[in-house]
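Report on the structure given below.
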Number of protein chains: 2
Amino acid sequence: MPLKADLDAIDWKILRELQNDGRMTNVELSNRVGISAPPCLRRVRRLEEAGIIRGYRALLNAPALGMDVVAFCLIGLHHQADAELKSFAERTRGWPIVRDAWMVSGESDFLLHCVASDLGTFQTFVIEELASAPNVDTVRTALTIRRVKDEGLVAFEGKS
Amino acid sequence: MPLKADLDAIDWKILRELQNDGRMTNVELSNRVGISAPPCLRRVRRLEEAGIIRGYRALLNAPALGMDVVAFCLIGLHHQADAELKSFAERTRGWPIVRDAWMVSGESDFLLHCVASDLGTFQTFVIEELASAPNVDTVRTALTIRRVKDEGLVAFEGKS
DNA sequence: AAAATCGCGAAAGATTCTTGCGCGAAAGCC
DNA sequence: GGCTTTCGCGCAAGAATCTTTCGCGATTTT
């Protein structure tokens, strides 16, 4: 499994291009990174198999689909033993409103990225599901007003 | 431009499939949603042009690329006039460490999703860039321990 | 009931994907 | 130094896919 050190400048270019447009054809990609199509495809496959490319995703426009509420919730638990952290983590996977979830350190124990169709649905979720889940101590919510920046997970400063 | 009401069950299936695998071929996609390839491609194009599909992205494995620190920062500003919110929003776009940013309501004004190669880099960023940026009042950070859930932005409960 | 609208699916040509193979450059070894 | 091995690129060809065109049937409109 190739590590970071095995990636050359062309690999970084490939990652940057696919992070910007994951549906680009291999021919187009090969032109952009400056090699021909076959070795380009081989590099992409290698990056996928190495787990460096975790997958591909269409980015959806939540408001256009009737999802008007995007919010983040910071959750503090009463007890932070390993079993209890795992238990809460598992619970987040059963909540469709929760789209991503992170275990964090700091003032809270979990950060949840939530999407709901309307404020009522979200509030009901917070009160009846989240805050009343076992072991939940504090729930702080931040409703999003608008997205201000939206790049991929990884930056490519000076990697080309 | 089609609105939510114009989407039928097949469109929802297409969105779900492409959110799970944005690089699926159109033939594969058409098989999964139960129509032939040409109308399937037309539907995808329509969803793209309508802005319902905002784009496609390869998901990268940050730790494998030497990005060991993922954190969230909650920022409170001194003054929340429109010009000052816009000014800070613009500033986030110049910070490569900040990958996504949201303007939020609640205890804080902005939430930043940050990725850095190591803790030192991140701390330097927080102290020398973030906390010392104009108009910044409070900075609360939450270092992520691990990702617990990672779905797309939109859920499809009962939409198929 | 006739006409218009709409989306599906078959067919075909263009493009792309994918594999196998030969070549040249760089690294390792005697 | 010179030989061998290794590695990745790019050409070429067959398979698969993409994309457009066109006719059909179903639903809606008039």
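In the text below, chain A, chain B and the rest are named by the order of the sequence lines, each starting its count at 1.
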- Item | Audit row: B:V136, B:L77, side chain to side chain contact (heavy atoms under 4.5 Å, CB included) steps and yes/no | CA-CA 5 Å; B:V136 167; B:L77 300 183; 4.1 Å; yes
- Query: Under the side chain to side chain contact (heavy atoms under 4.5 Å, CB included) criterion, do A:I75 and A:F88 qualify, and how do the steps go?
  - Reply: CA-CA 10 Å; A:I75 312 298; A:F88 184 81; 3.8 Å; yes
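Overall, the helix from C:dA1-D:dT30 to C:dC30-D:dG1 carries an axis bend of 30° between its ends, with five pairs at each end and the value rounded to 10°.
In summary, contact between chain A and DNA chain C, defined as any nucleotide atom under 4.0 Å from a heavy atom of the protein, begins and ends at C:dT16 to C:dT19 in the 5' to 3' direction.
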Identify all pairs in which a protein N or O lies below 3.5 Å from an N or O of nucleotides 23-29 of chain D, and state each distance.
none

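Between B:D21 and A:R57, no side-chain nitrogen of the basic residue sits less than 4.0 Å from a carboxylate oxygen of the acidic one, so the salt-bridge criterion is not met. Taking 4.0 Å as the cut-off between side-chain N and carboxylate O, A:R45 and A:E48 count as a salt-bridged pair. Ion pairing between A:D8 and A:K13 fails under the 4.0 Å rule for side-chain N and carboxylate O.
Under the salt bridge (charged side-chain N to carboxylate O under 4.0 Å, His left out) criterion, the residue pairs touching residues 64-86 of chain A are A:D82-A:K86, with sequence neighbours excluded. Applying the ring-ring contact (aromatic ring centres under 6.0 Å, His included) rule to pairs touching residues 25-74 of chain A yields A:F72-A:H113, A:F72-B:W102, sequence neighbours excluded. Listed by first and then second residue, the salt bridge (charged side-chain N to carboxylate O under 4.0 Å, His left out) pairs that reach into residues 87-98 of chain A are A:E90-A:R93, sequence neighbours excluded.
Shown for residues 38-45 of chain B: residues whose heavy atoms fall under 4.0 angstrom of DNA chain C, namely B:P38, B:P39, B:R42, B:R43. Interface residues of residues 17-30 of chain A facing DNA chain D, ordered by number: none; criterion, heavy-atom separation under 4.0 Å.
Here A:E28 pairs with A:R32 under the salt bridge (charged side-chain N to carboxylate O under 4.0 Å, His left out) rule; sequence neighbours left out. Remark: B:D100 pairs with no residue by the salt bridge (charged side-chain N to carboxylate O under 4.0 Å, His left out) rule, at least two apart or across chains. Annotation: salt bridge (charged side-chain N to carboxylate O under 4.0 Å, His left out) contacts of B:R99 (sequence neighbours excluded): none.
Ring orientation note: the planes of B:F156 and B:W12 are nearly perpendicular, at an angle over 60° on the 30°/60° scale.
Here the side chains of B:F110 and B:L74 are not in contact, with every heavy-atom distance at 4.5 Å or above.
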N/O donor-acceptor pairs under 3.5 Å from side chains in residues 117-127 of chain A, not counting sequence neighbours:
from: A:D118; atom 1: OD1; to: A:G120; atom 2: N; distance (Å): 3.0
from: A:D118; atom 1: OD1; to: A:T121; atom 2: N; distance (Å): 2.9
from: A:D118; atom 1: OD1; to: A:T121; atom 2: OG1; distance (Å): 3.2
from: A:D118; atom 1: OD2; to: A:T121; atom 2: OG1; distance (Å): 3.1
from: A:T124; atom 1: OG1; to: A:G120; atom 2: O; distance (Å): 2.9

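For A:R23 (side chain) and A:L18 (main-chain N/O), no donor-acceptor pair under 3.5 Å exists by modelled atom type.
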